[in-house]
Number of protein chains: 2
Amino acid sequence: METTKQISILSVEDHPVFGEGLSTIIGSQSDMALVGHAATAGEAISEFRKHRPDITLMDLRLGETDGIDALVAIRGEFSHARIIILTTSDGDGEIQRALRAGASGYVLKSTPKNELLSIIRSVNAGRRHVPAEVAARLVEFMGEDDLTPREIQVLRLIRDGNRNKEIASRLDISETTVNFHIKNIVDKLRANDRTHAVTIAVRRGLLQI
Amino acid sequence: METTKQISILSVEDHPVFGEGLSTIIGSQSDMALVGHAATAGEAISEFRKHRPDITLMDLRLGETDGIDALVAIRGEFSHARIIILTTSDGDGEIQRALRAGASGYVLKSTPKNELLSIIRSVNAGRRHVPAEVAARLVEFMGEDDLTPREIQVLRLIRDGNRNKEIASRLDISETTVNFHIKNIVDKLRANDRTHAVTIAVRRGLLQI
DNA sequence: GCAGATTTCAGGATTTCGCTGGATTTTAGG
DNA sequence: CCTAAAATCCAGCGAAATCCTGAAATCTGC
């Protein structure tokens, strides 16, 4: 075999059984080789430095740490790194964040094996691949304004049951300003009220719960 | 090998890569054999009838269908069936529902391989196994009142942005009664307000989002 | 049949929310 | 430097939610 031509792959994943599945599937392909594995953002970076893989398969949810951080750190050091996000969330917020941070693909964990393999090959060939179903989610909300950082901050406090007065004092702003932000949040998300706004934001992956 | 002594296992799972991992891990054990696979509740039942496995590994979230339905259906027909739930949610609500419906174990997908294997053996030996971390989640809310069916119904409508008047008309009850239910929901969940109640219920797995 | 839980209802007090229509300051990007 | 976007502030009104007390009907399990 021409080992030099194999696609080297690093998996970043904290579900052992899923990792085993990746290992088996990749191991069965003569043109691919799993060269390393990491379970946290920190490990991901050091493993990347060690192996310089052609492709990195990464779950966004790594216990406490966020996969995006690992993604940004790796791309900061190796701007050519090809990283495919492999996760369960189909919210447009997470997809956008990942692609903006430089991901080369975004694949759901429910994807069939063959499709996953062909995406790996496609990305290795230099393309940026996002499955139609995922792209559709993205397009659904395209052109609509994102929530600003401040709005997300306010929304988090709403989610946790703070009233407007409490939000104002926590953020050290006036209650009027809080009202203003909330109105914008509800408008942007086309929600009926604050509760609905939280629901929609969570569904879209703009807010964790 | 004494094939007759092998533990026969059915997996019910709609994540192909995860299923592959299960297959590999189980295949590497001489005392176990994966005898079937299903990706939906319906398939789960027919596969169970066909193979009568010693152990069924089941994800609760099967696309649209609910794993609990499959669990109940199987246990209705084969009351001795030993079913281990293998899922990502650690909310006490889901755990309770599964165990009440007759699950023999509840394991998180983040569990290490060895632990998963020993749980399979333990359950096959007739024990009911729930990992300490999962049991802890359960104990945390033990003794606290569950939400009633009506309360869940109301909470769902709150989540979706209905106002009390709308909830009243949808459920065909008076607004006073809606107020009463909401007060009870907020009290039971120790929430600050309706929004917080939704957040807590989702975190605890009492409500989908 | 009875106890306990669930669901239903009234009416009113108080607080909070959502909306209106401006106006100013700060920050980021071309 | 200039403009646009974001964040900040003011004030007040009507609608909605929350909180209270006090009952009664229905359902379920023993």
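In what follows, chains carry the letters A, B, and so on, assigned in the order in which the sequence lines appear, proteins first and then strands, with residues in each chain numbered from 1.
Taken to the nearest 0.5 Å, the CG atom of A:Leu206 stands 7.5 Å off from the CG atom of A:Asp146.
Each end of the helix from C:dG1-D:dC30 to C:dG30-D:dC1 yields a helix axis from five base pairs, and these two axes differ in direction by 70° (to the nearest 10 degrees).
Residues A:Asn192 and B:Asn162 have side chains that never bring a donor and an acceptor to within less than 3.5 angstrom of each other. A donor-acceptor contact closer than 3.5 angstrom links the side chains of A:Arg150 and A:Gln153.
Residues from residues 197-209 of chain B lying near DNA chain D, meaning a heavy-atom separation below 4.0 Å, are absent.
Between the side chain of A:Arg52 and the backbone N or O of A:Ala81 there is no donor-acceptor pair closer than 3.5 Å. Between the side chain of A:Asp92 and the main chain of A:Leu138, no donor-acceptor pair closer than 3.5 Å is present. The closest donor-acceptor contact from the side chain of A:Arg82 to the backbone of A:Asn124 lies under 3.5 Å. A donor-acceptor contact shorter than 3.5 Å links the side chain of B:Asp14 to the backbone of B:Gly63. Between the B:Gln29 side chain and the B:Asp31 main chain, no donor and acceptor come within less than 3.5 Å of each other. Looking at A:Glu166, its side chain does come within 3.5 Å of a backbone N or O of A:Arg163 through a donor-acceptor pair.
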Should A:Arg137 and A:Ile95 be marked as a side chain to side chain contact (heavy atoms under 4.5 Å, CB included) after you check the CA-CA gap, both sets of side-chain angles, and the distance that decides it? CA-CA 9 Å; A:Arg137 280 291 271 169; A:Ile95 303 171; 4.2 Å; yes
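A:Arg61 approaches A:Ser89 most closely through the heavy-atom pair NH2-CB, 3.8 Å. The two residues A:Gly102 and A:Leu71 have their closest heavy-atom pair at C-CD2, 4.2 Å. Contact between B:Leu108 and B:Thr111 at its shortest, heavy atoms only, is O-OG1, 2.5 Å.
If you walk DNA chain D from 5' to 3' and mark each nucleotide with an atom closer than 4.0 Å to a heavy atom of chain B, the marks span D:dA16 to D:dT18.
By the 4.0 Å N-to-carboxylate-O rule, A:Arg75 lies too far from A:Asp69 to be salt-bridged with it.
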Enumerate all atom pairs, one protein N or O and one N or O from nucleotides 2-4 of chain C, separated by less than 3.5 Å.
none

How does each nucleotide of nucleotides 6-26 of chain C score, in 5' to 3' order, for protein heavy atoms under 4.0 Å: base (B), sugar-phosphate only (S), or none (-)? SBBBB-----SSSBB------
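Contacts of A:Phe78 classified as ring-ring contact (aromatic ring centres under 6.0 Å, His included), with partners at least two apart in sequence or in another chain: A:Phe48.
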